[in-house]
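Heads up: the structure comes next, in structure tokens.
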Number of protein chains: 2
Amino acid sequence: MVTEPVTESDAVAFAQTFKALSDPVRLRLLSMIAARAGQEVCVCDLLDAFTQTPPTISHHLKVLRDAGLITGERRASWVYYRVVPSALAALSQLLDASAMTATADA
Amino acid sequence: MVTEPVTESDAVAFAQTFKALSDPVRLRLLSMIAARAGQEVCVCDLLDAFTQTPPTISHHLKVLRDAGLITGERRASWVYYRVVPSALAALSQLLDASAMTATADA
DNA sequence: CGTCGAGTTTGACACTCGTCGAATCCGATG
DNA sequence: CATCGGATTCGACGAGTGTCAAACTCGACG
């Protein structure tokens, strides 16, 4: 069992990704996109679930995109989004490893 | 396989916790505390690893405490911190479930 | 009981972030 | 090519955040 204290540069990278998840709107957006497994989701479908205006939703989608958590593709008049499973898995593993290490005896 | 779109109130709660992880200093603090499995860590041990001043580190520890990610206990002149594994595990499971759901076929 | 050291709280400041309205871009369709 | 609708970008404003210096709290120790 390795007791890894996370390097400073890794911390910066992970923190940026977690920051993308630190907003309720973004968390719900990601969840809604993830919930449609193979299907793709267009922005117009997402808008209905929020009170925020289109520019705000678009801003949040951009934050998620810049964080590498989702990808967007334009087809015809609509933009479709998908999640990047590996990105979520990486975060999950970091938290799980920390939880395990902390639980283990000295 | 349940395709869960996460309720709005859950999103608020999770977002608050992720916000606590959205700073490199806090991420390293948590990691350093988690790395000392059974042992407890006093603030004086943590301070050496950072350029930030004691008030700043103390502030970050409070954020992690308020988020329920760590607990602190004062003994004699020193305060010792421990992580709360279940809190980390909950976040890990959320991300893992989303990654799995997104990977699964429609 | 006075002092010292570990840690936290307070107050202030620069900076970032979420939000919206207005303007813009980009395909499609007439 | 003019127009329309979906989506994004721009500009601005109020709220929140990270940081530090200074002041404070709490045990311990002489």
Side-chain angles (χ1 to χ4, degrees), chain A residues 8-9 11-33 36 39-82, chain B residues 8-9 11-33 36 39-82:
Chain A
E8 184 163 355
S9 55
V12 172
F14 277 118
Q16 282 181 340
T17 311
F18 280 127
K19 186 179 297 183
L21 297 175
S22 69
D23 183 277
V25 174
R26 286 198 291 269
L27 219 44
R28 288 177 61 208
L29 282 170
L30 183 69
S31 169
M32 293 173 66
I33 297 172
R36 315 289 187 83
Q39 314 176 38
E40 297 168 300
V41 189
C42 89
V43 178
C44 51
D45 290 338
L46 299 170
L47 285 175
D48 298 341
F50 297 89
T51 62
Q52 280 80 356
T53 62
T56 299
I57 299 300
S58 190
H59 162 68
H60 285 307
L61 287 170
K62 178 176 169 53
V63 172
L64 290 172
R65 233 185 308 134
D66 291 347
L69 295 170
I70 63 176
T71 59
E73 179 195 355
R74 183 179 202 110
R75 274 208 311 279
S77 291
W78 299 274
V79 177
Y80 297 92
Y81 282 98
R82 277 196 299 269
Chain B
E8 184 164 354
S9 55
V12 173
F14 277 119
Q16 282 181 340
T17 311
F18 280 127
K19 187 180 296 184
L21 297 175
S22 70
D23 183 278
V25 174
R26 286 199 290 269
L27 220 43
R28 288 177 61 207
L29 283 171
L30 183 69
S31 169
M32 291 173 68
I33 297 173
R36 313 290 185 84
Q39 314 177 35
E40 297 169 301
V41 188
C42 89
V43 178
C44 51
D45 290 337
L46 299 170
L47 286 174
D48 298 342
F50 297 89
T51 62
Q52 281 80 358
T53 61
T56 299
I57 300 300
S58 188
H59 162 67
H60 286 307
L61 288 170
K62 178 175 170 52
V63 172
L64 290 172
R65 233 184 308 135
D66 291 348
L69 294 170
I70 61 175
T71 60
E73 180 195 354
R74 182 179 200 109
R75 273 208 313 278
S77 291
W78 299 274
V79 177
Y80 296 92
Y81 282 98
R82 276 195 300 271

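A note on names: the letters A, B, ... follow the listed sequences, proteins ahead of strands, and every chain is numbered from 1.
- Here Asp45(B) contributes atom CG and Trp78(B) contributes atom CH2; the two are 11.0 Å apart, rounded to the nearest 0.5 Å.
- Annotation: side chain of Glu73(B) is in contact with side chain of Glu40(B) (closest heavy-atom distance under 4.5 Å).
- Contacts between residues 18-31 of chain B and DNA chain D, defined by a heavy-atom separation below 4.0 Å, involve Lys19(B), Asp23(B), Arg26(B), listed by number.
- Rounding to the nearest 0.5 Å gives a distance of 9.0 Å between CZ of Arg36(A) and SG of Cys42(A).
- Looking only at side-chain heavy atoms (C-beta outward), Pro54(A) and Leu47(A) come within less than 4.5 Å of each other.
- Annotation: side chain of Met32(A) is in contact with side chain of Phe50(A) (closest heavy-atom distance under 4.5 Å).
- Between the NZ atom of Lys62(A) and the P atom of dT19(C) there is a distance of 17 Å, rounded to whole Å.
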Checklist line | Residues Val63(A), Leu29(A); criterion side-chain contact (heavy atoms from CB on, under 4.5 Å); working and verdict | finding: CA-CA 11 Å; Val63(A) 172; Leu29(A) 282 170; over 6 Å; no

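- Side chains of Asp66(A) and Lys62(A) form a contact here, defined as non-hydrogen atoms less than 4.5 Å apart.
- Taking 4.5 Å as the limit, some side-chain heavy atom of Ile33(A) sits within range of a side-chain heavy atom of Leu61(A).
- Side-chain atoms of Ser22(A) come within 3.5 Å of backbone atoms of Lys19(A) as a donor-acceptor pair (strictly under, hydrogens ignored).
- Protein atom CG of Leu64(A) is 15 Å distant from nucleotide atom C1' of dT8(D), rounded to whole Å.
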Margin query: Test side-chain contact (heavy atoms from CB on, under 4.5 Å) on Leu21(A) and Leu69(A); report intermediate values, then the result.
Written below: CA-CA 9 Å; Leu21(A) 297 175; Leu69(A) 295 170; 3.7 Å; yes

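- Side chains of Leu27(B) and Pro24(B) form no contact here, defined as non-hydrogen atoms less than 4.5 Å apart.
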Checklist line | Protein-to-nucleotide contact annotation, 5' to 3' order, nucleotides 25-30 of chain C [B base; S sugar-phosphate only; - none; under 4.0 Å, heavy atom] | finding: -BSS--

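- Whole-Å rounding puts the Asp66(B) CG to dT9(C) P distance at 9 Å.
- The distance from atom CD of Glu73(A) to atom C1' of dT8(D) is 17 Å, rounded to the nearest whole Å.
- Atom CD in Gln16(A) sits roughly 18 Å away from atom P in dT17(D) (whole-Å rounding).
- Within 4.0 Å of Tyr81(A), counting heavy atoms only, lie sugar-phosphate atoms of the nucleic acid but no base atom.
- For the contact set between residues 47-60 of chain A and DNA chain D, defined by any heavy atom under 4.0 Å, the members are Pro54(A), Pro55(A), Ser58(A).
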